[in-house]
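So the structure is just underneath, and the comments pick up after that.
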2 protein chains.
Amino acid sequence: MLKLTKKVDYALLALSFLSQQEEGQVVNIREISEAYQIPTEILAKVLQRLSKKGILQSHHAPKGGYSLKKPAKNVSILDVINAIDGSVGILSCSDGHDKTCQQIDNCDIRSPLERIQGKIMWLLEDMSLEEFIHSEPTTGGVLHGSINLPGQPRYH
Amino acid sequence: MLKLTKKVDYALLALSFLSQQEEGQVVNIREISEAYQIPTEILAKVLQRLSKKGILQSHHAPKGGYSLKKPAKNVSILDVINAIDGSVGILSCSDGHDKTCQQIDNCDIRSPLERIQGKIMWLLEDMSLEEFIHSEPTTGGVLHGSINLPGQPRYH
DNA sequence: TTAATAACAGACCATTTTGGTCTGCGATTA
DNA sequence: TAATCGCAGACCAAAATGGTCTGTTATTAA
């Protein structure tokens with residue numbers, strides 16, 4: 001539930017790897033797949049999509065491979081997710097054009113969910129790849145320790 | 001991707017319906033399923049879980065049904081999601097105890113993802129059912145219009 | 001007391017999504 | 001011109017999800 005797909009995980013791992021290279025350094029799929037034990041074929045697809053979306057630059061030749069196309073601070077996590085999974089949407093009748101949605105006429109929850117979705121998209125868009133990679137490890141292993149939004153949850 | 005399940009949709013619809021009843025009014029499954037065209041059997045399961053988790057009160061008798069167990073402002077959206085889907089987790093190696101995760105030893109992305117997850121959980125926990133139900137319709141149909149966090153996205 | 005009502009419980013199947021594989025093509029350069 | 005590497009898409013397997021079916025238990029009104 002609300003889970004990221006493995007492909008997004010792979011994308012983020014690969015991008016993290018590429019970010020650690022020297023400027024303009026080209027890395028091929030095999031290196032990355034070995035570093036993280038990711039099946040090469042599927043990693044290939046993931047990187048292909050990232051390159052099609054302008055996040056990676058591909059070098060289509062022997063000794064070729066991939067490199068970041070733009071600085072890590074100019075790529076948002078939302079960009080990555082969108083590149084891999086199409087688009088983020090917490091609604092099950094995603095884009096509002098789902099004609100088969102039985103609840104469409106008296107759906108009380110659509111616009112509230114859109115608000116929540118908007119907030120989630122905002123925070124994903126607000127976090128750059130650079131920021132993402134340089135996150136401090138969370139302390140204590142409990143999620144609440146890492147929250148940096150203002151205020152406190154009101155429940156429990 | 002990052003999608004809520006239909007069961008959560010059904011739960012939120014039912015809760016919304018129940019919130020609109022008079023205080024302590026009991027409603028049975030059939031009424032709700034008819035109101036929103038939800039298959040009764042699956043709605044039954046959803047409501048059962050909500051009642052098991054203390055969100056709904058069940059009245060196990062003829063003319064029985066369900067009612068809210070506590071005021072809508074004391075129930076968070078996260079509570080509802082947790083009740084239905086177990087728990088929210090954007091990580092694909094959800095709870096960190098996934099022994100089959102190949103990346104576990106050199107996973108660069110775990111803690112950054114936990115930070116993001118924490119933020120998402122925070123905002124879901126911060127929104128009460130009452131607030132959820134009384135959300136204004138989003139204007140213009142575009143998600144960005146409904147965002148009320150400070151600042152602006154930095155990309156695009 | 002009992003029949004009707006409505007929740008409870010869990011096995012079960014179908015559909016969809018996702019993860020992953022296989023096969024072959026295209027571009028570049030040593 | 002052959003080796004290396006990315007590109008592309010069909011394809012299959014596994015898992016998650018949505019939904020169905022069968023039967024049981026609690027309560028109450030007749």
Side-chain angles (χ1 to χ4, degrees), chain A residues 1-11 13-14 18 26-34 36-53 55-67 69 81 84-87 89-90 92-94 98 100-103, chain B residues 1-11 13-14 18 26-34 36-53 55-67 69 81 84-89 92-94 98 100-103:
Chain A
M1 237 303 313
L2 277 178
K3 209 170 276 190
L4 292 174
T5 60
K6 276 203 171 172
K7 286 178 187 172
V8 171
D9 285 358
Y10 294 158
L13 281 168
L18 288 165
V26 172
V27 177
N28 69 29
I29 291 176
R30 200 177 32 74
E31 285 186 69
I32 303 175
S33 75
E34 281 174 6
Y36 300 111
Q37 309 289 346
I38 303 170
T40 56
E41 295 93 340
I42 196 166
L43 182 62
K45 301 213 148 165
V46 166
L47 298 190
Q48 277 165 36
R49 284 196 230 173
L50 291 176
S51 107
K52 198 179 277 180
K53 299 286 177 165
I55 295 171
L56 291 182
Q57 176 68 52
S58 73
H59 302 270
H60 201 175
K63 308 221 167 170
Y66 292 95
S67 59
K69 189 161 189 177
I81 297 176
I84 302 300
D85 284 340
S87 71
I90 68 168
S92 52
C93 56
S94 318
D98 181 355
T100 67
C101 175
Q102 300 291 304
Q103 287 76 45
Chain B
M1 238 302 312
L2 278 180
K3 208 170 277 191
L4 291 175
T5 60
K6 276 203 172 175
K7 287 177 187 174
V8 171
D9 285 357
Y10 294 158
L13 281 168
L18 288 166
V26 171
V27 177
N28 68 30
I29 291 176
R30 201 178 29 74
E31 284 184 70
I32 303 175
S33 76
E34 280 174 7
Y36 300 110
Q37 310 290 344
I38 303 169
T40 56
E41 296 92 339
I42 196 167
L43 183 63
K45 303 216 147 166
V46 167
L47 298 190
Q48 277 164 35
R49 283 195 230 175
L50 291 176
S51 105
K52 200 178 278 181
K53 299 287 177 167
I55 294 171
L56 291 181
Q57 176 68 54
S58 73
H59 303 270
H60 201 174
K63 305 219 169 170
Y66 291 95
S67 59
K69 189 161 189 179
I81 297 175
I84 302 300
D85 284 341
S87 72
V88 174
S92 52
C93 56
S94 319
D98 181 354
T100 68
C101 175
Q102 301 291 306
Q103 288 75 46

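Letters A, B, ... mirror the listed sequences (proteins, then strands); counts begin at 1.
As rounded to whole Å, 16 Å separates atom P of C:dA4 from atom CZ of B:Arg30. In this entry the distance linking CG of A:Leu50 with C1' of D:dC7 reads 14 Å, nearest Å. Nucleotide C:dA6 holds its C1' atom 14 Å from the CD atom of B:Glu34, rounded to whole Å. A:Ile38 places its CD1 atom 12 Å from the P atom of C:dG19, with the value rounded to the nearest Å. Taking atom CD of A:Gln48 as the reference point, atom C1' of C:dG20 lies 14 Å away to the nearest angstrom. A straight line from CG of A:Leu43 to C1' of C:dG20 spans 12 Å, rounded to a whole angstrom. Rounding to whole angstrom units, CD1 of residue B:Ile84 and C1' of D:dG18 are separated by 14 Å. If you measure from atom OH of A:Tyr66 to atom P of D:dT4, you get 18 Å, rounded to the nearest angstrom.
For D:dA16, the OP1/OP2 oxygens have no side-chain nitrogen or oxygen of A:Lys3 closer than 4.0 Å. Look at B:Ser58 and you'll find a side-chain N or O under 4.0 angstrom from OP1 or OP2 of C:dC8. The shortest distance between the side-chain N/O atoms of B:Ser51 and the OP1/OP2 oxygens of C:dA7 is not below 4.0 Å.
Among the heavy atoms of the strands, none lies under 4.0 Å from B:Leu47.
Residues passing the side chain to side chain donor-acceptor pair (under 3.5 Å) test with A:Asn28, sequence neighbours excluded: none. Residues passing the side-chain contact (heavy atoms from CB on, under 4.5 Å) test with A:Ser58, sequence neighbours excluded: A:Ser51, A:Tyr66. Applying the side chain to side chain donor-acceptor pair (under 3.5 Å) criterion to B:Ser33, with sequence neighbours excluded, gives no partner residue. In this view, B:Ser67 and B:His59 satisfy the side chain to side chain donor-acceptor pair (under 3.5 Å) rule, not counting sequence neighbours.
Note: B:Ile42 CD1 to B:Ile29 CD1 = 12.0 Å, rounded to the nearest 0.5 Å.
Across every non-hydrogen atom of B:Ile38 and B:Tyr10, the tightest pair is CD1-CD2, 3.6 Å. Of all heavy-atom pairs spanning B:Lys7 and B:Ile84, the tightest one is CB-CG2, 3.5 Å.
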- Query: What is the per-nucleotide protein-contact pattern of nucleotides 24-30 of chain D, from the 5' end, where B denotes a base atom under 4.0 Å from a protein heavy atom, S denotes such proximity for sugar-phosphate atoms only, and - denotes neither?
  - Reply: -BBBS--

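Side-chain proximity of A:Asn28 to D:dG6, C:dT18, C:dC8: nearest is D:dG6.
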Could you run down the sub-3.5 Å N/O contacts of the protein with nucleotides 19-23 of chain D?
residue, atom, partner, partner atom, Å
D:dG19, OP2, B:Tyr10, OH, 2.9
D:dT20, O4, B:Lys45, NZ, 3.4

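Test B:Leu47, B:Val46, B:Thr40 against B:Ile32 for side-chain contact (heavy atoms from CB on, under 4.5 Å) and you get one pass: B:Leu47.
Here B:Lys45 does not pair with B:Glu41 in a salt bridge; the nearest charged N to carboxylate O distance is not below 4.0 Å.
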